[in-house]
Undergrad: 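The structure under discussion is supplied below as structure tokens; questions concerning it will follow.
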Amino acid sequence: MKNFKAILAATTAVSTILSAAAWAEETCSAYPQAASEKIESVDLEKTFGAVPAPTKPLHVVYVTKTLINEFWQDVAAGVKDEAAKYEGITVDVQAAKDESSQIEQLNLAQTVLSQKPDILLLSPQSDSNLVPVIEAAKAANIPTVIIDDARTPGASSYIGTDQISIGAKAADFLNSLFPDGGKVAQIEGAAGSPNARMRIQGFVDQLKTYPKLELVASQPGNWDRMTALNATSTILRDHPDLVGVYANNDGMALGVFEAVKSANAKVAVVGTDGIRDAKRSIGDKEMAATVAEFPFEEGQLGVQVGLRLLGCQAVPAWVVSPQAVITAENLADFPDPLKK
């Protein structure tokens with residue numbers, strides 16, 4: 001109830017700020033009616049042509065979930081990298097202290113919106129906490145592009161991969177390791193995260209197609225490495241014959257591996273995201289795999305989609321970004337984008 005009241009109050013506050021501002025008249029809507037509901041990111045140029053270059057200095061703001069997590073650091077790096085390719089684009093990155101500070105993130109977004117950015121990039125902590133800012137930005141015709149996790153109604157466009165498929169791929173991978181079956185567990189992300197809900201759903205539903213794999217536990221890890229470590233330690237005590245664990249992100253997967261190592265157990269650990277630490281762990285034959293998203297590239301896409309919207313291109317509501325299962329066998333195919 002506290003969160004609801006705070007968000008409601010913020011709606012009024014943001015609307016007041018924007019109604020008092022003198023916004024430049026736009027030539028087209030930053031919230032277009034697209035010909036389709038979604039498009040693969042690789043098809044953007046084929047469908048719409050080149051990214052329109054800015055014709056004036058632009059201020060791009062990215063409000064992310066947190067900068068503690070390497071994934072969101074890489075998204076921010078991608079935003080800055082893409083913006084640097086164009087003359088006259090300045091970038092401001094703001095982040096909440098952690099991934100559960102929804103009101104803090106809302107306040108940050110409210111503040112930056114009052115500064116009248118040309119493009120607003122957002123990675124919301126839930127699918128509702130930044131609704132007031134998105135509604136106010138829409139009224140001011142400022143394009144809002146959601147980058148990963150909490151796809152929020154009303155935004156111009158959402159950039160993210162198919163999260164249900166990510167969970168399903170984790171189940172497929174464990175089945176490929178253990179075709180004769182065994183006990184597996186899952187460490188879940190934060191309850192308010194749409195990505196967590198969909199990854200959980202994809203993993204559980206796909207496991208049902210492999211009756212020899214038994215899901216014996218699915219415990220919350222809340223995107224936190226230590227919470228995941230402790231949850232895994234408990235699961236291992238209850239199920240010492242566990243063969244595999246899927247964690248909804250790589251930070252938790254690294255905690256899972258620490259618990260497995262401490263218990264001197266042989267358990268295949270699968271994460272999600274493809275962060276650098278996870279790839280190092282896979283290279284060291286610790287984690288077995290990660291079902292990777294590509295955060296740096298998603299940050300780049302955020303700027304590109306924002307420019308396309310300013311250029312009056314009717315980008316669909318969902319730009320589907322890639323995913324891949326990274327293992328020791330194909331690790332060399334996925335170099336660190338920050339090491340150019």
Side-chain angles (χ1 to χ4, degrees), residues 65-66 68-72 98-102 125-127 149-150 163-175 177-178 181-275 277-278 281-282 286-293 325:
K65 295 173 70 170
T66 181
I68 297 172
N69 187 322
E70 188 182 293
F71 184 90
W72 304 111
D98 55 42
E99 295 194 44
S100 59
S101 301
Q102 294 188 25
Q125 295 196 357
S126 78
D127 49 12
D149 205 345
Q163 300 295 332
I164 291 177
S165 177
I166 279 184
K169 280 185 170 65
D172 290 339
F173 180 76
L174 287 173
N175 181 69
L177 293 182
F178 308 106
K183 294 180 180 179
V184 298
Q186 177 172 219
I187 302 298
E188 305 170 356
S193 164
N195 275 5
R197 291 197 301 267
M198 289 186 282
R199 290 171 191 174
I200 292 166
Q201 178 187 340
F203 183 68
V204 171
D205 287 351
Q206 191 69 0
L207 275 184
K208 292 175 183 176
T209 68
Y210 303 120
K212 292 182 180 180
L213 288 177
E214 180 187 2
L215 182 63
V216 295
S218 192
Q219 298 295 327
N222 301 322
W223 304 133
D224 181 72
R225 183 168 178 162
M226 186 57 64
T227 303
L229 187 158
N230 292 334
T232 304
S233 296
T234 300
I235 294 169
L236 284 170
R237 284 195 296 270
D238 294 339
H239 303 281
D241 53 347
L242 199 71
V243 298
V245 178
Y246 168 53
N248 287 174
N249 82 351
D250 283 337
M252 295 190 300
L254 292 165
V256 170
F257 177 76
E258 289 178 37
V260 168
K261 183 178 179 181
S262 179
N264 198 28
K266 291 185 177 180
V267 177
V269 179
V270 181
T272 288
D273 283 342
I275 66 172
D277 278 348
S281 181
I282 291 168
E286 296 174 344
M287 284 176 55
T290 178
V291 188
E293 302 178 270
V325 179

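Hydrogens, waters and symmetry mates play no part in the numbers below; they use all other heavy atoms, side chains included. Just so you know, these numbers come straight off a predicted model, no measurement behind them.
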Undergrad: What distance separates Thr227 OG1 from Gln219 CD, expressed to the nearest 0.5 Å?
TA: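 If I round to the nearest 0.5 Å, the distance is 12.0 Å.
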Undergrad: Does any donor atom in the side chain of Thr66 or Asn69 lie under 3.5 Å from an acceptor atom in the other side chain?
TA: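 Side-chain D/A pair, Thr66 to Asn69: absent.
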Undergrad: Knowing that exactly one of Val216, Val184, Thr234, Val267 qualifies, which makes a side chain to side chain contact (heavy atoms under 4.5 Å, CB included) with His239?
TA: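 Considering Val216, Val184, Thr234, Val267, a side chain to side chain contact (heavy atoms under 4.5 Å, CB included) with His239 is found only for Val216.
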Undergrad: More than 12 non-hydrogen atoms from neighbouring residues, nucleotides or ligands closer than 6.0 Å to CG on Asn264, yes or no?
TA: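 No, not enclosed.
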Undergrad: Any donor-acceptor pair under 3.5 Å linking the side chain of Ser233 with the backbone of Leu229?
TA: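 Yes, because the side chain of Ser233 sits within donor-acceptor range (under 3.5 Å) of the backbone of Leu229.
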Undergrad: Per the side-chain hydrogen bond (donor to acceptor under 3.5 Å, both in side chains) rule, which among Arg197, Glu293, Gln201 passes with Gln163?
TA: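 Exactly one pass, corresponding to Glu293.
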Undergrad: Once rounded to the nearest 0.5 Å, what's the spacing between atom CD1 of Ile200 and atom CD1 of Ile164?
TA: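 Reported to 0.5 Å precision, the distance equals 11.5 Å.
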Undergrad: So do the side chains of Val245 and Phe257 get within less than 4.5 Å of each other, counting heavy atoms only?
TA: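 No, every pair of side-chain atoms sits at 4.5 Å or beyond.
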Undergrad: Please check if the side chain of Gln125 supplies one atom and the backbone of Gln102 the other of a donor-acceptor pair under 3.5 Å.
TA: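 It does hold such a pair.
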Undergrad: Quick one: OG1 on Thr209 to CG on Leu207, what's the gap to the nearest 0.5 Å?
TA: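 One gets 7.5 Å once the value is rounded to the nearest 0.5 Å.
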Undergrad: Does Ser281 reach the main-chain N or O of Met287 with its side chain, forming a donor-acceptor pair under 3.5 Å?
TA: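 Confirmed, Ser281 side chain pairs with Met287 backbone.
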Undergrad: So which heavy atom on Val243 is nearest to which on Phe178, and how close?
TA: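 Shortest heavy-atom contact: O-CZ, 3.2 Å.
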Undergrad: Is it true that Glu188 and Ser218 share a donor-acceptor pair across their side chains at a distance under 3.5 Å?
TA: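 On atom types as modelled, these side chains qualify, holding a pair under 3.5 Å.
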Undergrad: Is a side-chain donor-acceptor pair under 3.5 Å present for Asp250 with Thr290?
TA: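 Yes, side-chain donor-acceptor contact under 3.5 Å.
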Undergrad: Under a 4.0 Å threshold between the charged nitrogen and the carboxylate oxygen, would Glu286 count as salt-bridged to Lys261?
TA: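 A salt bridge is absent here (no side-chain N lies under 4.0 Å from a carboxylate O).
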Undergrad: Testing the basics here: between Tyr210 and Ala171, what is the closest heavy-atom pair and its distance to 0.1 Å?
TA: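 Minimum heavy-atom separation between Tyr210 and Ala171: CE1-O, 3.9 Å.
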Undergrad: For the residue pair Gly189 and Asn248, what are the closest heavy atoms and their distance?
TA: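 Closest approach of Gly189 to Asn248, heavy atoms only: N-OD1, 3.0 Å.
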Undergrad: Taking all non-hydrogen atoms of both residues, which atom of Gly244 and which atom of Leu174 are closest, and how far apart?
TA: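 For Gly244 versus Leu174, the nearest heavy atoms are CA-CD2, 4.1 Å.
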Undergrad: If you define the side chain from C-beta out and look only at heavy atoms, does anything of Val291 sit under 4.5 Å from Phe203?
TA: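 Val291 vs Phe203: side chains apart.
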Undergrad: Could you check whether any side-chain heavy atom of Val204 comes within less than 4.5 Å of a side-chain heavy atom of Gln186, counting everything from C-beta outward?
TA: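 In contact.
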Undergrad: For the NZ atom of Lys65 and the CG atom of Asp98, what is their distance to the nearest 0.5 Å?
TA: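 With rounding to 0.5 Å, NZ (Lys65) is 10.5 Å from CG (Asp98).
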Undergrad: What closest approach, in Å, do Ile187 and Ala228 show between heavy atoms, and which atom pair accounts for it?
TA: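 Reported closest heavy-atom pair: CG2-CB, 3.8 Å.
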Undergrad: Any chance you could measure Arg199, atom CZ, to Tyr246, atom OH, to the nearest 0.5 Å?
TA: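 Reported to 0.5 Å precision, the distance equals 5.5 Å.
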Undergrad: If you measure from OG1 on Thr272 to CZ on Phe71, what distance do you get to the nearest 0.5 Å?
TA: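 With rounding to 0.5 Å, OG1 (Thr272) is 10.0 Å from CZ (Phe71).
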Undergrad: Taking all non-hydrogen atoms of both residues into account, name the closest pair between Ile275 and Gly251 and its distance.
TA: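 Where Ile275 meets Gly251 most closely, the heavy atoms are CD1-N, 4.3 Å.
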Undergrad: Are Ser193 and Asn195 linked by a side-chain donor-acceptor pair shorter than 3.5 Å?
TA: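 Side chains of Ser193 and Asn195: no pair found under 3.5 Å.
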